[in-house]
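What follows is a set of notes on a single structure, which appears directly below.
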Amino acid sequence: MGELREFLQGMTVNCLLFGPHASLPGHLREALAAEGCAMEGVEGAGAFRAGVRSGHYALGFVHAAWPSKAEALDALRDLRRASSMPCILVDVTPLPPAERVAGLEAGADEVLDAAVPLPEALARVRAVLRRSGPATAAAAVHRPTGGRWGLSPGVRLVHGPDGVSHRLTGAEFDLLRLLIAASGRAVERDAISREAFRRPWRPEDRAVDGLVKRLRRKLGPDSILASRGVGYALTIEIHSR
């Protein structure tokens with residue numbers, strides 16, 4: 001264990017999964033997360049196609065039977081027509097040889113199922129990323145440099161200058177986007193409430209203040225400044241790819 005993280009040299013690889021997170025064998029899902037792969041799952045074909053086109057992802061995973069075997073193969077063919085992003089066909093059960101071959105012919109770069117031991121599965125992921133070349137990986141991998149903060153919107157990860165990444169909730173991500181767009185200016189509480197909670201702000205409503213407090217825990221205590229009677233402003237520079 002650790003070979004994949006060493007290969008990635010501290011980078012976070014944004015991965016897109018077509019299917020629920022349970023589509024990946026649990027031990028593989030946990031190992032990939034520990035090794036630096038940030039997985040985002042989508043369950044609709046349209047959302048998967050949009051993710052592929054977004055350029056935010058370096059590696060795709062397609063469940064072999066999600067939502068059916070035929071539709072999984074269609075998703076692979078669509079991906080291959082639209083992108084050079086490498087993709088792996090996965091299943092939590094052993095796949096018969098005919099289904100493995102069908103997946104490879106539809107466009108999968110690799111097939112991983114429950115029959116593949118974990119060390120071999122991670123080695124195969126490394127091989128797929130290596131074969132994809134630096135240009136493909138660079139389009140979707142974010143590594144903070146020079147002591148700067150970075151944001152990977154596709155997977156809602158914020159990366160600290162120390163190399164530590166934090167996953168943001170949907171509301172935290174919405175708040176951070178507002179603050180970044182304001183370029184250091186204070187954002188009113190009402191604007192934050194409408195964006196993060198989809199409701200207008202009320203003086204007795206403490207949800208915005210609680211949200212800011214949670215985001216500060218990930219960015220640092222002095223990262224967000226309260227502007228009395230107005231709202232909040234970001235005091236650090238965050239680069240979004």
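Bear in mind that the values here come from a model prediction, so they are computed numbers and not experimental data.
- Contact annotation: the side chain of V230 approaches that of E188 to within less than 4.5 Å [non-hydrogen atoms, C-beta and beyond].
- Here the closest non-hydrogen pair linking V62 and A72 is CG1-O, 3.8 Å.
- In this structure, OG on S23 lies 9.0 Å from CZ on R29, to the nearest 0.5 angstrom.
- The side-chain heavy atoms of N14 and L59, taken from C-beta on, include no pair separated by under 4.5 Å.
- Between F197 and D174, the closest side-chain pair of non-hydrogen atoms is not below 4.5 Å.
- For R49, the side chain to side chain contact (heavy atoms under 4.5 Å, CB included) criterion is met by A45, R53, D78, not counting sequence neighbours.
- Atoms CG and CG, on L225 and L234 in that order, are 10.0 Å from each other to the nearest 0.5 Å.
- In this structure the side chain of I88 never reaches within 4.5 angstrom of the side chain of V111, judged on heavy atoms.
- Evaluation of the side chain to side chain contact (heavy atoms under 4.5 Å, CB included) rule for R216 yields V212, S223, I224, A226, Y232 as partners, not counting sequence neighbours.
- The environment of CD in E71 is crowded: more than 12 heavy-atom neighbours from other residues, nucleotides or ligands sit within 6.0 Å.
- Between atom CG of residue L73 and atom OG of residue S68 there is a gap of 8.5 Å, rounded to the nearest 0.5 Å.
- A distance of 8.5 Å separates CD1 in I236 from CD1 in I180, rounded to the nearest 0.5 Å.
- Both M85 and L104 sit in one connected hydrophobic cluster of ILVMFWY residues. Membership requires side-chain heavy atoms under 4.5 Å apart, directly or through other members.
- Not counting sequence neighbours, E237 has no partner by the side chain to side chain donor-acceptor pair (under 3.5 Å) test.
- Every side chain to side chain contact (heavy atoms under 4.5 Å, CB included) that L178 has, sequence neighbours left out, goes to V187, I192, E195.
- Between P161 and W149, some side-chain heavy-atom pair lies under the 4.5 Å cut-off.
- The two residues P94 and A115 come nearest to each other via the heavy atoms CB-CB, 4.3 Å.
- Transitive grouping of hydrophobic side chains (ILVMFWY, heavy atoms separated by less than 4.5 Å) keeps W66 and V92 in distinct clusters.
- At a threshold of 4.5 Å between side-chain heavy atoms, the hydrophobic network of Ile, Leu, Val, Met, Phe, Trp and Tyr places L79 and V101 in two separate groups.
- Distance CD/E43 to NE2/H63: 11.0 Å, rounded to 0.5 Å.
- Legend: residues meeting salt bridge (Lys or Arg N to Asp or Glu O under 4.0 Å) with K69, ordered by chain and number and at least two apart, are E99.
- At distances below 3.5 Å, not a single donor-acceptor pair connects side-chain atoms of D109 with backbone N or O atoms of V128.
- Across R189 and V208, no two heavy atoms sit closer than the pair O-CG2, 3.9 Å.
- Looking at R80, its side chain does come within 3.5 Å of a backbone N or O of G107 through a donor-acceptor pair.
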Inset, instruction - Check the pair V42 / L17 against side-chain contact (heavy atoms from CB on, under 4.5 Å), numbers first and verdict last. - result: CA-CA 6 Å; V42 295; L17 169 65; over 6 Å; no

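- A salt bridge links D190 to R194: at least one charged side-chain nitrogen sits closer than 4.0 Å to a carboxylate oxygen.
- E105 meets the side chain to side chain donor-acceptor pair (under 3.5 Å) test with no other residue; sequence neighbours excluded.
- Identified under the ring-ring contact (aromatic ring centres under 6.0 Å, His included) test for residues 76-108, with sequence neighbours left out: none.
- Evaluation of the ring-ring contact (aromatic ring centres under 6.0 Å, His included) test over residues 30-49, restricted to residues two or more places apart or in two chains, returns F18-F48.
- Listed by chain and residue number, R100 satisfy the salt bridge (Lys or Arg N to Asp or Glu O under 4.0 Å) test with D113 (two or more places apart in sequence, or in another chain).
- Considering V90, L89, L24 as possible partners of L112, the one that fulfils the side-chain contact (heavy atoms from CB on, under 4.5 Å) test is V90.
- Residues G103 and L76 share a closest heavy-atom pair of O-CD1, 3.7 Å.
- For the atom pair CG of L215 and CG of L175, the computed distance is 5.0 Å after rounding to the nearest 0.5 Å.
- Between V52 and S83 the shortest heavy-atom distance is CG1-CB, 3.4 Å.
- Residues that satisfy the salt bridge (Lys or Arg N to Asp or Glu O under 4.0 Å) test with R199, not counting sequence neighbours, are D205.
- The two residues V116 and A121 make their nearest non-hydrogen contact at CG1-N, 3.7 Å.
- With sequence neighbours left out, the side chain to side chain contact (heavy atoms under 4.5 Å, CB included) criterion links S183 to R185.
- Applying the salt bridge (Lys or Arg N to Asp or Glu O under 4.0 Å) criterion to R214, with sequence neighbours excluded, gives no partner residue.
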